[in-house]
Amino acid sequence: MAEAAKAGGCLCGTVRFTARPKNHDVGVCHCGMCRKWAAGPFFAVECEGAVEVADASSRGADRSSERAERCFCKQCGSVLFYRLVGKDFSVISAEALDDRSGLTLTSQVFIDEKPSYYDFANKTHNMTGAEVFEAFASPADQAKG
Ligand SMILES: [Zn+2]
Ligand SMILES: [Zn+2]
């Protein structure tokens, strides 16, 4: 059972969207691509269905791998969400949500790619990149990229 639709947007306000978080869990990805993209680890909330963007022309999308694209604001560059192409899977930036009350950091993925200069004290379920690929190998295939 998904949560109610939540609103969010970018720094400059050009992109506004609604999305349906699956729950209150935040997962953080330490992979090199996410860190480069998000200027730090990517704090993500998994959503059900598509992210509905009010003005689709304001949203850019970078096809960062064969199966995934990373969406951002064309105006201010804010990181918005990551989605698998042709699949019903997207994760939005926790920080793009207007209301983050109740969110809890519960998991860390690609922990083996985490730089040594930071560590989170939260008690989380941690997975290496290899464990992520194994867990989501098929059919979801929701891994790095
Ligand atoms: Zn913007
Ligand atoms: Zn990542």
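Both counts, for ligands and for their atoms, begin at 1 and track the order of listing. All values reported here derive from a predicted model rather than from experimental measurement.
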How about His30: does one of its N, O or S atoms come closer than 2.8 Å to the Zn ion (ligand 2)? no
With a cut-off of 2.8 Å, strictly less than, protein N/O/S atoms near the Zn ion (ligand 1) add up to 4
Could you check if a side-chain atom of Phe81 sits within less than 4.5 angstrom of a side-chain atom of Val53, using non-hydrogen atoms only? yes
If the plane angle is over 60° it's perpendicular, under 30° parallel, otherwise tilted; pick one for Phe43 and Phe120. tilted
Over all heavy atoms of both residues, which pair between Pro41 and Val28 is shortest? Give the atoms and the distance, please. CB-CG2, 3.4 Å
Is the shortest side-chain N to carboxylate O distance from Asp98 to Arg16 below 4.0 Å? yes
Verify the distance criterion only: is there a donor paired with an acceptor across the side chains of Asp62 and Ser64 at less than 3.5 Å? no
Closest heavy-atom contact between Ala38 and Val79? CA-CG2, 3.8 Å
